There are 2 protein chains.
Amino acid sequence: MGSVVSELENAGIKPSYQRVRIFEYMQMNRTHPTADQVFLDLKDAIPTLAKATVYNTLHALAEKGLIRELSTVQPSTRYDYAAEDHGHFTCRICNRIYDFPYDFDSRHSALSGFVVESQEIVQKGICQACLKKAQQNSAFP
Amino acid sequence: MGSVVSELENAGIKPSYQRVRIFEYMQMNRTHPTADQVFLDLKDAIPTLAKATVYNTLHALAEKGLIRELSTVQPSTRYDYAAEDHGHFTCRICNRIYDFPYDFDSRHSALSGFVVESQEIVQKGICQACLKKAQQNSAFP
DNA sequence: TTATTTGTTTGGAATAATTCTAATGTTGTG
DNA sequence: CACAACATTAGAATTATTCCAAACAAATAA
Ligand SMILES: [Mn+2]
Ligand SMILES: [Mn+2]
Ligand SMILES: [Zn+2]
Ligand SMILES: [Zn+2]
């Protein structure tokens, strides 16, 4: 069996034809494609492929950690006063954004010959408040 | 003179009424608002305010470094095979995304009580290829 | 096997964020 | 004042993404 199929199975994703092809594509194309690019590149080989399937599959793969979703905040850009350097934690439940201390200068790894104009570090997950609320709701009565 | 006005002037942005009010808002509201949130919160005080003005102003402020634009990649989400940890550089000219080495584990600054499910570090700027091309085009003939 | 259920894909409509555009308004300069 | 340059407005257009109901496929039970 192809490793693609077993990687999907191990992650708990049923290896449908479309999912195998999309994951295979992601393994072979390290070009950081958009969902639309994946769709365009696969639709010749899979003429009935729907864009919704591409989005569904990419989300499923990302949720299981098989691919990475490169986007800080969803669904819309957030703005912040430019105070001192800091990182951001975005909660996927309440969508609040929290600051955390982070100093970019001390670990500056610019690619040689590139001009870095800005940088961001973003963690995604669940915030303390939302975790607490989830615990309370699941507490036995 | 309000420091808001002079900060705008120092950055080379003409301090129109709308710009002053928007920048003022960003200084006072450290809630990482969306453009729409800024618009909603200001339109009572400035009834004629247009959403386009909010977008224009936020972009101008971000370009001058007075505020930060919290979004990794634009305009659409990009996907990446989940290989080993690395950071991303996105070029604002050609939109290519480059990998650079970065190890998240060695500098793990999780907020206490928060669950971090994923994290990203993104640099934005101009890539070497685009810089080279710009140099060639401006070379004297 | 057939019937039933469960989950997946499809295609198009709906939604939402952002950008574009043309007209109008404002500011500064000669 | 007249003119140019620039900024704002309002709404249309564009784009990315999600939603939805119907068709399809796979798995399971009878
Ligand atoms: Mn912040
Ligand atoms: Mn990468
Ligand atoms: Zn939360
Ligand atoms: Zn470039």
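Just so you know, these numbers come straight off a predicted model, no measurement behind them. Protein chains get the first letters and strands the later ones, always in sequence-line order, with residue 1 at the start of each. Note that these values count all heavy atoms, side chains included, but never hydrogens, waters or copies made by symmetry.
- Residue-level contact check: S76(A) touches the backbone only, with heavy atoms under 4.0 Å from sugar-phosphate atoms and none from bases.
- The interatomic distance linking H59(A) (NE2) with dT18(D) (P) rounds to 4 Å, in whole Å.
- One can place CZ of R21(B) at 12 Å from P of dT9(D), the figure rounded to the nearest angstrom.
- Spacing between atom CD of E69(A) and atom C1' of dT18(D) amounts to 13 Å, rounded to whole angstrom units.
- Note on T34(B): nothing from the nucleic acid sits closer than 4.0 angstrom, heavy atoms only.
- The side chain of K14(A) lies closest to dG7(C), out of dA17(C), dG7(C), dT10(C).
- Ring centroid separation for the pair Y25(A) and F23(A) does not come in under the 6.0 Å cut-off.
- Note on ring orientation: taking the six-membered ring where Trp is involved, the planes of H88(B) and H86(B) are perpendicular (angle over 60°, cut-offs 30° and 60°).
- Straight-line distance from the OH atom of Y55(A) to the P atom of dT9(C): 17 Å, rounded to whole Å.
- Per the geometry, NZ belonging to K51(A) stands 12 Å off C1' belonging to dG11(C), to the nearest Å.
- In this model, the phosphate group of dT26(C) is not approached by any side-chain N or O of Q18(B) to a distance below 4.0 Å at OP1 or OP2.
- When each of Y17(B) and D36(A) is assigned the nucleotide of DNA chain D with its nearest heavy atom, Y17(B) is the one assigned upstream, toward the 5' end.
- Between F89(A) and Y98(A), the ring planes are perpendicular. Angles over 60° get that label, and only those under 30° would be called parallel.
- If you find the closest nucleotide of DNA chain D to T53(B) and to P75(B), the one lying nearer the 5' end belongs to T53(B).
- The separation between K43(B) atom NZ and dA10(D) atom P is 11 Å, rounded to whole Å.
- Regarding L40(A), its CG atom lies at a distance of 13 Å from the C1' atom of dA16(D), rounded to whole Å.
- Side-chain contact, Q123(B) with E120(A): no donor N or O sits under 3.5 Å from an acceptor N or O.
- When rounded to the nearest whole Å, the span between CD1 of I46(B) and C1' of dA10(D) equals 16 Å.
- Proximity of S16(A) to the phosphate of dT8(C): no side-chain N or O atom is located under 4.0 Å from OP1 or OP2.
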